[in-house]
Amino acid sequence: VFMFGDGKNQESTSESVNGWYAIYLYGLVMENSRLKDLGRLMTALEIRAAWRYWQMTDADSIFPKPFADHKAVGIQWSTKVDYGTWFGANVEFIHCIQMLPFTPISEELLREEWIKEEYNVLAEAYGRTDPPLSEEWKGYIIMAHAVIDPHAAYGDALQLPRYDDGNTKSNTLYWIATRPGMGGGPPGPTTTTTHGPTDHPTTTSSTTTKKPKSPEGVAGKNSITDDRCNDPGSDPYGGLGCRACDIMDCRFCGFDGFPDC
């Protein structure tokens, strides 16, 4: 514990939420009701504190403009508030440190109404040239975008070459694919768009005709052989279900949100 002139401080609400969520889960598996209930209570308190003191929207902010226009608080102190972090002032640091790690409890923490407003600020990182946005932090921006546009986020995620420590490709794609707006996969072919001057690719969907039924894949009746899997960037489903049985053009289908067979 260190003394500061401005009192105690807290940076990452999401890490705190996940810490208490872990205690809840531990109590659950150990069948310790007292520990489980403590974790539940403190998880709920941390989430509501994050909504109130860290996530700023036009409809609900305890801080006045122009500070509220940042949409996210970096560090909350006893006597002040900062738009920054202990490790840097990049916009993706400030916003995403209030999101990571992405786990099941993130669904409760990251309100759609907040992401709708803060994403416009967060996305400014795409246009910054010095220092450039790293692929590791871009992954978190994409995961945030999935809360409001999972179809575009899925296409962006497929182009990530690497991930931050504590995050993985499977975690990223699972998070995006399970967002309520995903609806079992993008409904149409993808096209490349850009985020400002960086030519960062994303995807948008459009209507297309249904492909004739393909031959059954090697994984049985719930799989098909689909050549579109060989090019996930132009695949209307963004590669969802591809590489069944570790074969690139074999796609799972017809169950658990995968495309129809």
Side-chain angles (χ1 to χ4, degrees), residues 11-18 21 46-47 50-51 53-61 68-75 83-85 87-128 132-183 186 193-196 198 200-205 238:
E11 183 181 63
S12 176
T13 54
S14 52
E15 291 175 345
S16 184
V17 165
N18 274 280
Y21 179 56
E46 287 285 353
I47 289 174
W51 292 350
Y53 297 105
W54 275 263
Q55 299 179 8
M56 299 179 288
T57 65
D58 289 340
D60 185 14
S61 174
D69 293 332
H70 294 307
K71 302 302 179 182
V73 169
I75 305 175
Y83 187 64
T85 72
F87 55 93
N90 291 358
V91 64
E92 67 271 23
F93 297 168
I94 300 168
H95 286 242
C96 294
I97 199 63
Q98 308 303 335
M99 303 175 187
L100 61 86
F102 282 78
T103 67
I105 199 62
S106 302
E107 293 185 336
E108 298 295 328
L109 176 63
L110 304 180
R111 300 173 296 162
E112 183 178 350
E113 57 265 34
W114 177 55
I115 299 295
K116 282 180 178 178
E117 294 187 27
E118 76 83 31
Y119 182 76
N120 293 327
V121 180
L122 176 57
E124 293 173 2
Y126 284 123
R128 191 187 63 237
L133 174 64
S134 72
E135 295 297 316
E136 291 84 353
W137 284 92
K138 185 188 295 184
Y140 292 127
I141 297 178
I142 291 170
M143 295 173 85
H145 194 200
V147 175
I148 55 175
D149 191 350
H151 293 166
Y154 197 91
D156 286 353
L158 290 174
Q159 300 175 60
L160 286 170
R162 56 187 178 274
Y163 301 83
D164 190 38
D165 294 344
N167 193 28
T168 62
K169 181 176 182 179
S170 58
N171 187 58
T172 300
L173 295 180
Y174 180 82
W175 166 263
I176 298 171
T178 54
R179 294 312 85 216
M182 195 62 172
T193 58
T194 59
H195 282 292
T198 59
H200 168 76
T202 183
T203 56
T204 55
S205 59

For the student: nearest non-hydrogen atoms of Ser106 and Pro101, plus distance: OG-O, 3.4 Å
Side chain proximity check, Ile105 to Ile47, heavy atoms < 4.5 angstrom: yes
Heavy-atom pair with the smallest gap, counting every atom of Ser61 and Ala68: OG-CB, 3.6 Å
Atom pair CZ/CD of Arg128 and Glu92 - distance to nearest 0.5 Å: 4.0 Å
Tyr119 vs Asp149 side-chain heavy atoms within contact, under 4.5 Å: no
Atom pair CD1 (Ile142) and CG (Leu158), whose distance is rounded to the nearest 0.5 Å: 9.5 Å
Note, Phe102 side chain near Asn167 side chain (heavy atom, < 4.5 Å): no
Derivation and outcome, side chain to side chain contact (heavy atoms under 4.5 Å, CB included), residues Ile141 and Tyr126: CA-CA 9 Å; Ile141 297 178; Tyr126 284 123; 3.6 Å; yes
Any donor-acceptor N/O pair, Glu46 side chain to Thr13 backbone, under 3.5 Å: no
Result of checking Asn171, Thr172, Thr168 against Tyr163 for side chain to side chain contact (heavy atoms under 4.5 Å, CB included): Thr172
Heavy atoms of other groups near Glu117 CD, more than 12 under 6.0 Å: yes
Rounded distance [0.5 Å steps], CG in Asp164 versus CG in Leu100: 7.0 Å
Partner set under salt bridge (charged side-chain N to carboxylate O under 4.0 Å, His left out) for Glu136, not counting sequence neighbours: Arg162
Non-hydrogen atoms of Leu122 and Ala144 that approach each other most closely: CD2-CB, 4.1 Å
Aromatic plane relationship, Tyr83 with His70 - under 30° parallel, 30 to 60° tilted, over 60° perpendicular: parallel
Polar side-chain atom of Trp175 near backbone of Met143 as donor-acceptor pair, under 3.5 Å: yes
Donor-acceptor pairs are to be reported for all side-chain atoms of residues 109-116 against protein atoms at under 3.5 Å, with residues two or more places apart or in another chain.
{"from": "Arg111", "atom 1": "NE", "to": "Gln55", "atom 2": "OE1", "distance (Å)": "3.0"}
{"from": "Arg111", "atom 1": "NH2", "to": "Gln55", "atom 2": "OE1", "distance (Å)": "3.3"}
{"from": "Trp114", "atom 1": "NE1", "to": "Lys71", "atom 2": "O", "distance (Å)": "2.7"}

SG-NZ distance between Cys96 and Lys138, expressed to the nearest 0.5 angstrom: 13.0 Å
Donor-acceptor contact below 3.5 Å, side chain His151 vs main chain Met182: yes
Heavy-atom closest pair, residues Gly139 and Leu160: CA-CD1, 3.7 Å
Interatomic spacing from CD in Glu135 to CD in Gln159 - rounded to 0.5 Å: 9.5 Å
Met56 side chain near Val73 side chain, heavy-atom distance below 4.5 Å: yes
More than 12 heavy atoms of other groups within 6.0 Å of Tyr53 OH: no
Where Pro150 and Ile176 come nearest, the two heavy atoms and their spacing: O-CG2, 3.3 Å
Pairwise side-chain contact, Glu108 with Tyr21, heavy-atom cut-off 4.5 Å (strictly under): no
Derivation and outcome, side chain to side chain contact (heavy atoms under 4.5 Å, CB included), residues Ile97 and Phe87: CA-CA 10 Å; Ile97 199 63; Phe87 55 93; 4.1 Å; yes
